[in-house]
Undergrad: 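Structure below; questions to follow.
Counting convention: from 1, in listed order, for ligands and their atoms alike. What you see is a predicted model; the values in this text were computed from it and never measured. Any value given below was found using the heavy atoms of this structure, including those in side chains, with hydrogens, waters and symmetry copies removed.
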Amino acid sequence: MKRILIVGAGGQIGSELTPYLRAIYGEANVVATDVRECKALAETGPFEVLDALNPTNMASVVARHRIDTIFNLVALLSAVGERNPQMAWGVNMGALLNSLEVARQHHCAVFTPSSIGAFGPSSPKDGTPQDTIMQPTTIYGICKVTGELLGNYYAHKYGLDTRSIRFPGIISNKTLPGGGTTDYAVEIYYEAIRHGRYTCAVPHDVYMDMIYMPDALKAVVELMEADPARLRHRNSFNIASMSFTPEIIAAEIRRHIPTFEMTYDVDPVKDEISRSWPNYLDDSCAREEWGWKPDWDLARTTEDMLAAVRRKLEAEK
Ligand code: AKB
């Protein structure tokens, strides 16, 4: 049985990945950590407050819990990263480098998310290949490309088992994302139910890859369980399940809420970032090397999101 450490467990991915991993590997085998207390995670298994920028404390948690696999989920996302690029570099790269170094010293495997943000305006836009030009223009993307290279370096130089996925925007109904360019694809469902309308900060015609959280969680476990002999790539795999523009998701919501209205107040930073990212990725390497296959498309995701968000908002009343 794996002994897992999740660094940055309180964020959008971690707050759902932690219970998902605990259900598979056993509560006691998944140690969640975050820079802040997280009541929900502490109630369902081991939890420690840990600043990922402190390698000594990270190493001590790894040794104490006899960890063999580290999931580093710490990141400032794309839009917020542009407000303070130096801090984004410090946090994103600091947490990753500490995770890799602690993993090297304690012989752990490492999973860390990359992103569609690792691509830039000079990458092919449609069917963006697994191996292609990667010259992102955001500090977030620069961290992601550097992180991918570092993961491969630690695998090559030290024999570490490092694996990663280039995530699309993640749509979930539990924890809200914060500071990303794709956040609109989550906020839109909440606002559609709360107010019947939404003002979108991303231009109406820009395609970006998105994924529903259940598929994202499944992908992480499938990749980490994949036979290493089949993996020609490690850091990092393109995956895809749906790609749409704000107009397309709004039309899908109107199938359930016909009076839903969408207006635009485009944020210049999100405008530039979203236009620099791919329209959709080619995920054939993930399909061939570890059997990636999504379950959720936009129609099913929308139906599920609207029902789940409606229940959640009702319960909060
Ligand atoms: C963001 O928008 O910054 C993230 C991502 C696609 O990596 N959701």
Undergrad: Should you measure from each heavy atom of Leu77, which atoms of ligand 1 turn up under 4.0 Å away?
TA: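 Under 4.0 Å from Leu77, ligand 1 has these atoms: 3 (O).
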
Undergrad: Does the side chain of Lys218 come under 3.5 Å of the side chain of Tyr20 through a donor N or O and an acceptor N or O?
TA: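 The criterion, which ignores hydrogens and geometry beyond distance, is not satisfied for Tyr20 and Lys218.
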
Undergrad: Residue-level breakdown please: for Ile170 versus ligand 1, do any non-hydrogen atoms fall below 4.0 Å on the side chain, on the backbone, on both, or on neither?
TA: neither

Undergrad: Would you call the rings of Phe237 and Trp290 parallel, tilted or perpendicular, taking 30° and 60° as the class edges?
TA: perpendicular

Undergrad: Taking atom types as modelled and ignoring hydrogens, do the side chains of Gln135 and Ser122 form a donor-acceptor contact shorter than 3.5 angstrom?
TA: yes

Undergrad: Of all the non-hydrogen atoms in the protein, which one sits nearest to atom 2 (O) of ligand 1, and at what distance?
TA: Thr181 N, 2.7 Å

Undergrad: Are the side chain of Asp283 and the backbone of Ala240 linked by a donor-acceptor contact shorter than 3.5 Å?
TA: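 Confirmed, Asp283 side chain pairs with Ala240 backbone.
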
Undergrad: Select one of side chain, backbone, both or neither to describe which atoms of Tyr184 lie under 4.0 Å from any atom of ligand 1, heavy atoms only.
TA: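 Within the 4.0 Å criterion, Tyr184 makes no contact with ligand 1.
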
Undergrad: For the residue pair Arg22 / Thr44, report whether a side-chain donor-acceptor contact shorter than 3.5 Å exists.
TA: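 Result is yes, a qualifying pair exists.
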
Undergrad: Quick check: Thr182 and ligand 1, any N/O pair under 3.5 Å apart?
TA: yes

Undergrad: Hey, are Tyr280 and Asp126 close enough side-chain-wise for a donor-acceptor pair under 3.5 Å?
TA: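 Result is no, nothing qualifies.
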
Undergrad: Would you mind running through ligand 1 and noting each atom that sits below 4.0 Å from a heavy atom of Trp277?
TA: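 So the answer, numbered in order with elements, is 1 (C), 2 (O), 3 (O), 6 (C).
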
Undergrad: Check this for me - ligand 1, Ser115, N or O atoms closer than 3.5 angstrom, yes or no?
TA: yes

Undergrad: In the protein, which heavy atom is nearest to atom 1 (C) of ligand 1, and how far is it?
TA: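 Nearest neighbour among protein heavy atoms for atom 1 (C) of ligand 1, to 0.1 Å: Ser78 OG, 3.4 Å.
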
